[in-house]
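Working notes for the structure below.
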Amino acid sequence: MELKIMNARMEFSEADGYVGKVAFLVEGHKEPYEIVLHSKKGKEWSYGLFFLNQSGDEDQILEVEDWLEEDDDAYYGLIEAAKKTLPASGG
């Protein structure tokens, strides 16, 4: 699967830890996606995967979710894209 990051951001606070969002396109998919990332300490990450603008094909979002579960490089690439937007003092 090929993805193109549209935008990414991440913030850090003592109370919430790391919270990030990455909007991205997947080649051949009609609707863009957004992954919301969270980690208390920046080591173990949880996420939610959503359609960015409007609902799309459920089979396609499940395919992306399976891909992110199986492909560590893709998953951690999204995390890194968001982490790069942290202010210098964040984390």
Side-chain angles (χ1 to χ4, degrees):
M1 258 185 200
E2 292 289 325
L3 69 83
K4 179 181 178 186
I5 294 174
M6 299 165 55
N7 61 58
R9 64 186 163 103
M10 184 172 285
E11 297 175 354
F12 174 80
S13 72
E14 291 294 328
D16 297 326
Y18 296 89
V19 178
K21 292 183 179 184
V22 181
F24 63 98
L25 300 166
V26 174
E27 184 178 1
H29 290 213
K30 184 178 178 183
E31 297 299 326
Y33 301 95
E34 178 177 64
I35 190 168
V36 178
L37 303 158
H38 177 259
S39 176
K40 203 63 172 158
K41 298 183 180 185
K43 296 187 190 294
E44 295 181 19
W45 293 89
S46 60
Y47 74 93
L49 182 65
F50 308 95
F51 289 107
L52 180 61
N53 300 316
Q54 62 187 15
S55 292
D57 186 320
E58 186 176 341
D59 289 337
Q60 287 186 338
I61 198 168
L62 292 173
E63 180 183 352
V64 172
E65 190 159 31
D66 288 346
W67 173 55
L68 293 174
E69 290 287 332
E70 294 172 13
D71 189 330
D72 286 346
D73 289 339
Y75 180 61
Y76 289 109
L78 291 171
I79 293 169
E80 287 303 314
K83 285 174 72 175
K84 285 180 183 178
T85 70
L86 278 168
S89 62

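These numbers come from a predicted model, not from an experiment.
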Restricting to non-hydrogen atoms, name the atom on [X] and the atom on [Y] that form the minimum distance, rounded to 0.1 Å.
X     : Y     : answer
Leu78 : Leu37 : O-CD1, 4.2 Å
Tyr75 : Leu68 : CB-O, 3.6 Å
Glu44 : Ser39 : O-OG, 2.9 Å

Side-chain donor-acceptor contacts of residues 7-14 below 3.5 Å, not counting sequence neighbours, with atom names and distances?
unit_1, atom_1, unit_2, atom_2, d
Ser13, OG, Asp16, N, 3.0

For this session: Give a yes or no on whether Lys30 atom NZ has more than 12 heavy-atom contacts from other residues, nucleotides or ligands under 6.0 Å away.
Result: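 Counting neighbours around NZ of Lys30, 12 or fewer heavy atoms of other residues, nucleotides or ligands fall under 6.0 Å, so no.
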Would [X] end up clustered with [Y] when hydrophobic side chains under 4.5 Å apart are linked, directly or stepwise?
X     : Y     : answer
Val26 : Leu49 : yes
Tyr76 : Trp67 : yes
Ile5  : Met1  : yes
Ile61 : Tyr47 : yes

Rounded distance (nearest 0.5 Å) linking atom [atom1] of [X] with atom [atom2] of [Y]:
X     : Y     : atom1 : atom2 : value
Leu62 : Gln60 : CG    : CD    : 10.5 Å
Met6  : Leu25 : CE    : CG    : 5.0 Å
Lys21 : Leu52 : NZ    : CG    : 9.5 Å

For this session: Walk me through it: do Tyr18 and Ile79 pass the test side chain to side chain contact (heavy atoms under 4.5 Å, CB included)?
Result: CA-CA 10 Å; Tyr18 296 89; Ile79 293 169; over 6 Å; no
Exercise. So, for Phe51 and Tyr33, is the gap between ring centers shorter than 6.0 Å?
Worked result: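 Yes; Tyr33 has its ring centre under 6.0 Å from that of Phe51.
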